[in-house]
Amino acid sequence: MTIPKLPAPFATFLLRIPLAVLFLQQGLTKFPVTEATAEVMKLPFIVWWFVAYGEVGAAIGLIVGGILGIIFTKGLVSDLSDLLTRFSGITMTCVVTGVIWLMMPNSLMDVILHDYLHVSLYVGGLYFALRGNSKYGV
């Protein structure tokens with residue numbers, strides 16, 4: 001008896017949901033984006049602005065890129081949805097790199113062994129940055 005497999009675009013979409021929810025949740029907590037909040041975080045306002053909008057945009061982009069990739073399997077929209085997914089993944093890895101950097105860990109091993117949440121978010125973003133959208137039959 002063979003157990004049917006879910007097509008790759010649907011299976012990888014399930015990975016997008018918790019990743020996007022976490023990024024959206026974190027991004028929305030930064031609104032309204034103000035100079036005072038940036039100062040509390042000891043960041044320049046422009047960096048804080050990019051972090052807040054980057055988190056929200058990456059979350060939305062990851063979901064929209066996945067939906068469009070499921071609906072449109074070929075052509076320009078398919079290619080653009082793949083780029084949107086990849087850009088969202090790159091944005092996620094950049095944001096998480098900044099978060100880890102600001103925590104000033106003692107070593108990379110400290111991060112890997114004790115900061116599983118940020119490592120998981122980083123690897124999830126990296127997966128979508130490198131892989132883009134999964135295609136049917138691939």
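Heads up: numbering here begins at 1 and tracks the sequence. Only a predicted model underlies this, so the values are computations on that prediction, with no experimental measurement involved. Hydrogens, waters and symmetry mates are skipped; everything else that's a heavy atom, side chains included, is used.
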Show me the donor-acceptor pairs within less than 3.5 Å that the side chains of residues 114-126 make with the rest of the protein, sequence neighbours left out.
residue	atom	partner	partner atom	Å
Asp115	OD1	His118	ND1	2.9
Asp115	OD2	His118	ND1	2.9
Ser120	OG	Tyr116	O	2.7

Atom pairs and distances, donor-acceptor, side-chain atoms in residues 49-70, under 3.5 Å, two or more places apart:
residue	atom	partner	partner atom	Å
Glu55	OE1	Gly27	N	3.1
Glu55	OE1	Lys30	NZ	3.0

According to a hydrophobic-cluster definition based on side-chain heavy atoms being under 4.5 Å apart (Ile, Leu, Val, Met, Phe, Trp, Tyr only), do Val21 and Leu14 belong together?
yes
Quick one: closest heavy-atom pair of Arg86 and Gly132, and the distance?
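For Arg86 and Gly132, the tightest heavy-atom pair comes out as CG-CA, 3.6 Å.
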Measure from the side-chain N and O atoms of Thr12 to the backbone N and O of Ala8, and report whether any donor-acceptor pair falls under 3.5 Å.
yes
With side chains defined as the heavy atoms from C-beta onward, is the minimum distance between Val95 and Phe23 less than 4.5 Å?
yes
Please determine whether the number of non-hydrogen atoms from other residues, nucleotides or ligands lying under 6.0 Å from atom CE of Met41 exceeds 12.
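No, not enclosed.
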Is there a path of hydrophobic side-chain contacts, each under 4.5 Å between heavy atoms of I, L, V, M, F, W or Y residues, that connects Leu83 with Phe87?
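Different clusters.
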To the nearest 0.5 Å, how far apart are CD1 in Ile90 and OG1 in Thr85?
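Output value for this atom pair is 11.0 Å.
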Tell me if the OH atom of Tyr127 is crowded by more than 12 foreign heavy atoms within 6.0 Å.
yes
Are Thr34 and Trp48 close enough that some pair of their side-chain heavy atoms sits under 4.5 Å apart?
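Of all side-chain heavy-atom pairs linking Trp48 with Thr34, none is under 4.5 Å.
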Is there side-chain contact between Ile100 and Val96, with heavy atoms separated by less than 4.5 Å?
yes
If I take atom CG from residue Leu22 and atom CD1 from residue Ile17, how far apart are they, to the nearest 0.5 angstrom?
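Here the interatomic distance stands at 12.5 Å.
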Thr97: side-chain hydrogen bond (donor to acceptor under 3.5 Å, both in side chains) partners, not counting sequence neighbours
none
Joint cluster assignment, Ile46 & Leu102, ILVMFWY side-chain distance < 4.5 Å:
yes
Of the non-hydrogen atoms in Arg16 and Asn133, which two are nearest, and what is the gap between them?
NH2-OD1, 2.7 Å
Which heavy atom of Phe10 sits nearest to which heavy atom of Leu6, and what is that distance?
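Residues Phe10 and Leu6, closest heavy atoms: CB-CG, 3.8 Å.
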With rounding to the nearest 0.5 angstrom, report the CG to CZ distance, Leu15 to Phe128.
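Between Leu15 CG and Phe128 CZ, I get 5.0 Å after rounding to 0.5 Å.
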Is it possible for you to say whether Leu80 and Phe13 belong to one hydrophobic cluster, with membership spreading through side-chain heavy-atom contacts below 4.5 Å?
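Looking at the clustering, Phe13 is in a separate group from Leu80.
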